[in-house]
Amino acid sequence: MLTLTLPDGAERQVEEGTLPRDVVGSIGQRLLRDALAVEVDGDVQDLITPLRKGGDFKVLTAKHPRALDVLRHSGAHILATAVRRLRPDAKIGFGPSIEDGFYYDFEVDEPFTPDDLARFETEMRKVIAESYPFIRAEVNQADARKKFADDPLKLERLAEFDENEIISTYTDGPFIDLCRGPHVPDTSHLKHFKLLHTAGAYWRGDEKRQMLQRIYATAWFSKEELEAYLHRLEEAKRRDHRTLGQQLDLYSTDQRVGPGLILWHPRGATIRNEIENYERDLIIRHGYELVYTPHIVSEKLFQISGHLENFKESMFGGVDVEGASYRLKPMNCPGHICIFQSRSRSYRDLPIRYAEFGTVYRYERSGVLHGMLRVRGFTQDDAHVFCTPEQVPSEIERLLDLVHEMLETFGYPYTIELSTRPEKALGAPEMWRSAEQTLADVMKKRGQEFTIDEGGGAFYGPKLDFKLIDAIGRKWQGPTVQLDFNLPERFELEYTGADNAPHRPLMLHRVLVGSMERFVGGLVEHYAGAFPLWLAPEQARVIPISDEAVEASKSITLRLESAGVRAHLDDRSETLNYRIRDAETLKIPFMAVVGKREAASDSIALRVRGAGKKQEVMSVANFVAMIVGQIEARALKP
RNA sequence: GCUGACGUAGCUCAAUUGGCGGAGCAGCUGAUUUGUAAUCAGCAGGUUGCGAGUUCGAUUCUCGCCGUCAGCUCCA
């Protein structure tokens with residue numbers, strides 16, 4: 001007998017093997033109609049899988065987020081049902097639910113076309129209208145092989161089952177799939193979905209295996225949610241840094257230069273320069289020293305560092321210089337280490353913190369390049385801290401302060417992940433454990449919340465990853481801090497301790513923005529191109545209403561410029577409306593409109609980006625003071 | 001790198017079955033002097049990504065290369 005505890009605390013005794021459907025039905029027929037799945041002792045299962053264990057028992061209806069996963073998984077089967085009807089040649093792969101939807105992989109001779117997608121969607125609606133129940137069956141290996149005799153991908157999966165593992169199949173109408181479940185009761189539950197696109201996907205994610213055709217779809221409980229999701233996609237598209245980057249004249253790439261190499265236009269360079277200036281001041285305040293290291297470096301250095309061994313496929317080919325091979329640097333650490341080793345170091349010198357906006361080049365495969373976010377040449381705001389093991393906690397604390405201050409300035413909420421020892425790792429497990437413990441303790445002490453990514457560390461040490469959350473809720477890779485036990489060994493780093501004996505320091509690698517290219521690309525999307533005043537390439541545009549106001553406007557522009565404001569005069573012979581529109585389109589934070597009245601009273605009519613007609617007349621002196629104050633405060637708005 | 005799609009003026013897009021490559025915006029010139037998101041007119045702008053091939057004739061069909069996009073794999 002199993003004991004089920006209902007949400008109201010009531011207990012039910014049922015025989016092992018009872019179907020959840022019967023339990024739900026005994027609670028209420030109305031509930032059974034709405035039930036999509038159940039949760040038993042924390043695990044989701046469908047209504048037709050026999051109960052194997054007792055525990056907390058909850059009925060999942062369309063209100064429950066975990067039921068949505070079940071619905072989406074069923075959606076994948078419905079998709080496969082439709083595809084099989086129209087393309088009987090399609091061999092089925094896997095079809096799981098994913099965030100926001102589901103996909104299904106097929107092996108076909110002729111890839112799907114966009115027209116196919118529309119036909120599949122229509123066919124899916126028929127399958128849904130036919131309201132096939134999902135029927136579960138448990139089968140033995142031999143029967144399963146018979147059922148999937150024409151599906152080589154399923155046979156491959158079948159071969160991997162353990163002897164006593166339960167093999168289950170799910171059938172909806174004409175379609176049968178090898179599947180663990182769970183599923184909703186019948187196909188009619190899928191109502192609000194849309195097929196999105198097709199793409200190639202390697203069988204089992206292995207690039208050495210054949211490529212399958214994947215169909216992606218989204219699915220939701222309600223029409224509103226589906227529409228909201230599609231709207232979110234639109235919103236992401238509207239913010240795309242590649243489109244805005246061109247519209248706002250921030251950057252470009254050029255076939256003649258080569259893919260993945262960014263040309264920073266003046267407006268983009270202004271943003272980057274502001275960030276670099278800000279960060280330079282910030283890190284100097286936080287105890288860093290700036291260094292510069294060469295872009296092209298003798299290959300020998302990367303033999304010592306191990307990059308040639310572990311990172312070779314990401315490095316650009318060697319350049320022959322007088323018989324010696326040189327490489328473009330893919331990372332800045334070896335250079336910083338050489339500076340550390342340029343003289344003997346005492347424990348009194350530690351910690352040493354070297355920082356550099358170091359431009360690195362990495363060979364990325366052509367298919368992964370993406371605007372500014374994934375490139376082949378980029379500048380890291382890189383730093384390396386050389387310290388004793390005892391200094392690690394205080395260094396981490398300093399870093400948490402630094403990161404917090406910086407991310408607040410850009411208006412990013414963030415979360416932290418602690419990544420621990422991976423399977424292949426360097427150094428003694430005790431060393432790892434103590435390092436991980438140190439990191440965790442520092443954060444706990446500060447009341448800093450974090451999650452643990454088990455086994456996600458680099459092979460040479462554990463790390464902290466900061467994940468940024470942007471204005472539309474997407475996560476971005478933010479600052480990272482990595483402890484390194486490896487490079488100090490490889491380079492045989494030493495300092496002289498108080499005991500006059502040599503000791504090995506520890507290294508901390510850390511970046512804040514990571515890559516300037518990626519960070520600025522991310523900021524474009526975060527702000528939707530409407531940069532806060534301090535970052536805006538053009539901060540104010542002075543717009544005379546007519547020729548009578550041009551002289552006054554010129555002098556206002558000059559006063560702004562001499563106060564350090566990036567201001568421009570727009571005295572083109574266009575209508576006022578045209579020039580306002582132009583400034584709005586370029587997302588310039590402030591427009592200072594100057595007419596006859598303003599010119600006579602040394603004032604401007606202020607129009608704030610995005611605020612429409614709402615305007616305020618203020619004296620030029622007040623305007624200059626206000627704008628300078630907001631720049632200095634690095635205010636997020638406007 | 002792999003699968004698929006795409007590549008026409010600075011930008012966004014047109015161009016019947018293969019038959020003289022167009023438009024809007026931006027640019028230039030002129031007129032207009034504007035009170036808060038596109039004033040009017042004229043002009044100029046192209047070896048249709050590059051290179052072969054088929055054809056009387058190729059933006060259109062075929063092949064190769066380059067680049068871009070959606071994913072996969074990989075990642076700051």
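Heavy-atom basis, side chains included; hydrogens, waters and symmetry copies ignored.
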Starting at CG of A:L369 and ending at C1' of B:A76, how long is that distance when rounded to a whole Å?
13 Å
In whole Å, what is the span from the CG atom of A:D105 to the C1' atom of B:U73?
13 Å
Check whether any side-chain nitrogen or oxygen of A:H370 sits under 4.0 Å from OP1 or OP2 of B:A70, and answer yes or no.
yes
Would you call A:E107 and A:R204 a salt bridge, taking side-chain N to carboxylate O under 4.0 Å as the test?
no
Salt bridge between A:D602 and A:R559, side-chain N to carboxylate O under 4.0 Å?
yes
According to a strict under-4.0 Å criterion, is A:Y216 in side-chain N/O contact with OP1 or OP2 of B:C72?
yes
Write down the distance between CE (A:M315) and P (B:A76), rounded to a whole number of angstrom.
16 Å
Calculate the interatomic distance between A:R214 atom CZ and B:U73 atom C1'; express it in whole Å.
11 Å
What integer number of Å spans the P atoms of B:G21 and B:U48?
10 Å
Does the protein touch nucleotides 31-37 of chain B at the base, only the backbone, or not at all? Give it as B, S and - per nucleotide, heavy atoms under 4.0 Å.
BBBBBBB
What are the atom names and distances for every N/O pair under 3.5 Å that joins the protein to nucleotides 4-14 of chain B?
from: B:C11; atom 1: O3'; to: A:Q246; atom 2: OE1; distance (Å): 3.1

On a whole-Å scale, what distance lies between the P atoms belonging to B:U12 and B:G49?
14 Å
Under the salt bridge (charged side-chain N to carboxylate O under 4.0 Å, His left out) test, residues paired with A:E574 that sit two or more places apart:
none
Using the C1' atoms only, state how far B:C11 lies from B:C72, rounded to an integer number of Å.
32 Å
Measure from the side-chain heavy atoms of A:H197 and tell me the nearest of B:C72, B:A76, B:G71.
B:G71
Any carboxylate oxygen within less than 4.0 angstrom of a Lys/Arg side-chain nitrogen, looking at A:D151 and A:K91?
no
Roughly how many Å apart are B:U62 and B:A5, using the P atom of each and rounding to a whole number?
11 Å
Once you round it to whole Å, what is the distance between P of B:G71 and CZ of A:R374?
14 Å
Is it true that A:Y216 and A:H197 have ring centroids separated by less than 6.0 Å?
yes
So if I take residues 199-212 of chain A and measure heavy-atom distances to RNA chain B, which residues fall below 4.0 Å?
A:A199, A:G200, A:A201, A:Y202, A:G205, A:E207, A:M211
If the C1' atom of B:U47 is compared with that of B:A9, how far apart are they to the nearest Å?
14 Å
Write down the distance separating the P atoms in B:C56 and B:G18, rounded off to the nearest Å.
15 Å
Under-3.5 Å donor-acceptor pair between A:R365 side chain and B:C72 base:
no
Suppose you measure atom P in B:G57 against the same atom in B:A14; what distance do you get, rounded to whole Å?
29 Å
Side-chain contact test, heavy atoms from C-beta onward, threshold under 4.5 Å: evaluate it for A:Y103 versus A:I98 and give yes or no.
yes
Base-paired stems in RNA chain B, each at least three Watson-Crick or G-U pairs under 3.5 Å:
B:1-7 with B:66-72, B:10-13 with B:22-25, B:27-31 with B:39-43, B:49-53 with B:61-65
Cut-off 3.5 Å, side chains only: do A:D570 and A:Y578 have a donor facing an acceptor?
no
Salt bridge A:R87-A:D116, side-chain N to carboxylate O under 4.0 Å
yes
State plainly whether the residues A:E364 and A:R374 are in salt-bridge range, i.e. N to O under 4.0 Å.
yes
Whether A:R579 and A:D582 form a salt bridge (side-chain N of Lys/Arg under 4.0 Å from carboxylate O of Asp/Glu) is what I want to check.
no
Applying side chain to side chain contact (heavy atoms under 4.5 Å, CB included) to A:E454 and not counting sequence neighbours gives A:T420, A:I452
Write down the distance between CZ (A:R376) and C1' (B:A76), rounded to a whole number of angstrom.
15 Å
Please state the C1' separation for the pair B:C25 and B:U39 - nearest whole angstrom.
15 Å
State whether a side-chain donor-acceptor pair under 3.5 Å links A:H568 with A:E538.
no
Nearest-angstrom distance from the residue atom OH of A:Y361 to P of B:A76:
19 Å
Under 4.0 Å between a Lys/Arg side-chain N and an Asp/Glu carboxylate O for A:E234 and A:R238?
no
Carboxylate-amine/guanidinium contact A:E525 A:R474, below 4.0 Å:
yes
Run the salt-bridge test on A:R232 and A:D100 with the 4.0 Å N-O cut-off and return the result as yes or no.
yes
